[in-house]
Amino acid sequence: MNPPVATNVSATPGQGYTPVVARSHGLYRAVEASAFDCVRLVFVRAGSAVVVSEFGEKPVSPGDVVVLSANTMCGIEPEGSVTLTTVCLDYDYVIDQVFWQYAASLTDRWQAQDFAEEMYTEPAQLLRLGEQRVGWLSPWLDEIVCLSLDGPSPDRFYRLQSLLFAVFDVLAPYLETSRVRVSASQRRTSWPGPPRQRRFLALRGEARAAAQLMRADPARRWTLVELADSVHLSVSQLGRVFAEAFGKTPLAYLSMLRAEQMARLLRETDLSVEQAARQVGWTSRNHAARLFRQVVGVPPRRYRELARRTAAA
């Protein structure tokens with residue numbers, strides 16, 4: 001089911017990383033089932049084939065779209081030949097879109113990931129859009145392919161994203177979803193990670209002051225009692241106004257600040273992971289690694305490897 005080029009979400013070697021790769025291609029022989037760590041949208045443009053995936057064995061023809069979640073096996077056997085456009089999307093990029101789509105209900109991207117897994121329970125879906133609708137999408141798909149051919153282009157990113165969102169808008173009504181509700185208690189999180197949910201309202205002065213104290217000295221062993229005393233609130237009052245302002249508890253906010261500073265140390269210095277953790281205020285290496293991964297998404301050593309690889313590219 002994968003294009004013969006750009007079968008994952010990375011651009012071609014030497015061209016850097018991009019969250020969106022699209023290719024159009026013709027298939028004349030069977031492609032055995034395989035899986036990739038990305039979300040794939042496969043648009044049937046011409047010809048016909050039999051697709052085998054989690055939904056079983058299904059015939060496809062022009063106007064059909066196969067939607068595959070990350071790490072979902074899929075194979076295809078053309079009936080003569082079939083022309084496809086495959087759009088590969090980085091999983092984290094997709095989760096970020098889910099977060100902003102449901103920002104009124106979700107607190108951070110980890111909750112968005114759980115939400116998406118509950119909402120989109122089918123790992124493989126076959127959407128019968130019809131030949132006319134896919135025909136309408138064709139100019140957008142062709143331009144997405146052209147924009148992604150030469151690898152990442154920051155100056156054209158918003159054009160590519162606008163086209164992709166237009167395609168999403170057409171696909172969304174056809175996707176099978178499960179109803180997911182998020183309670184008020186679930187919206188108040190103790191997770192430290194970004195994106196940071198904010199309201200476009202004036203911040204309470206006490207919340208802003210507490211945040212400034214922690215930002216000025218994140219390595220200090222702050223306690224809720226110290227912070228509350230500093231801004232002349234009770235501990236419970238501080239927790240409430242801070243969560244309303246920043247979408248997380250004060251100590252979760254402190255963990256986020258420490259992870260940000262630790263990431264900078266891992267990028268810009270040769271300090272060991274343990275030394276960097278101590279410098280930002282974490283005395284336990286394992287505790288630091290766990291919280292760093294919650295915030296950044298990868299362990300500290302992996303983050304350093306990725307940062308150095310990007311700097312050398």
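Keep in mind the model is a prediction, meaning the values are calculated, not measured. All values below come from the heavy atoms of this structure, side chains included, with hydrogens, waters and symmetry mates left out.
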Indicate the atoms forming the closest heavy-atom contact of [X] with [Y], along with that distance.
{"X": "Pro62", "Y": "Gly47", "answer": "CD-O, 3.0 Å"}
{"X": "Ser48", "Y": "Val82", "answer": "O-CB, 3.7 Å"}
{"X": "Met214", "Y": "Trp222", "answer": "CA-NE1, 3.9 Å"}
{"X": "Arg45", "Y": "Thr85", "answer": "NH1-OG1, 2.6 Å"}
{"X": "Ala211", "Y": "Phe242", "answer": "N-CE1, 3.8 Å"}
{"X": "Phe292", "Y": "Ala263", "answer": "CE1-N, 3.7 Å"}

In chain order, what residues pass the salt bridge (Lys or Arg N to Asp or Glu O under 4.0 Å) check against Asp270, with sequence neighbours excluded?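 In terms of salt bridge (Lys or Arg N to Asp or Glu O under 4.0 Å), with neighbours along the sequence ignored, Asp270 is linked to Arg308.
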With no hydrogens and no angle check, just 3.5 Å: does a side-chain donor-acceptor pair link [X] and [Y]?
{"X": "Tyr303", "Y": "Arg267", "answer": "yes"}
{"X": "Thr269", "Y": "Arg264", "answer": "no"}
{"X": "Gln161", "Y": "Tyr93", "answer": "yes"}
{"X": "Asn286", "Y": "Ser284", "answer": "no"}

Using a strict 4.0 Å threshold on nitrogen-to-oxygen distance, state whether [X] and [Y] make a salt bridge.
{"X": "Arg133", "Y": "Asp64", "result": "no"}
{"X": "Glu226", "Y": "Arg221", "result": "no"}
{"X": "Arg159", "Y": "Glu143", "result": "yes"}

Please answer whether the main-chain N or O of Asp114 pairs with a side-chain N or O of Glu117 as donor and acceptor at a distance below 3.5 Å. no
| Parallel, tilted or perpendicular: which describes the rings of Tyr102 and Phe115, with under 30° parallel and over 60° perpendicular? | tilted
Note, [X] side chain near [Y] side chain (heavy atom, < 4.5 Å):
{"X": "Val50", "Y": "Ile76", "answer": "no"}
{"X": "Leu89", "Y": "Cys38", "answer": "no"}
{"X": "Val66", "Y": "Ser53", "answer": "no"}
{"X": "Leu291", "Y": "His287", "answer": "yes"}
{"X": "Val39", "Y": "Val87", "answer": "no"}

dist Arg258:CZ -> Gln279:CD (nearest 0.5 Å) comes out at 12.5 Å
In Leu163, Leu164, Asp90, the residue satisfying side chain to side chain contact (heavy atoms under 4.5 Å, CB included) with Val20 is Leu164
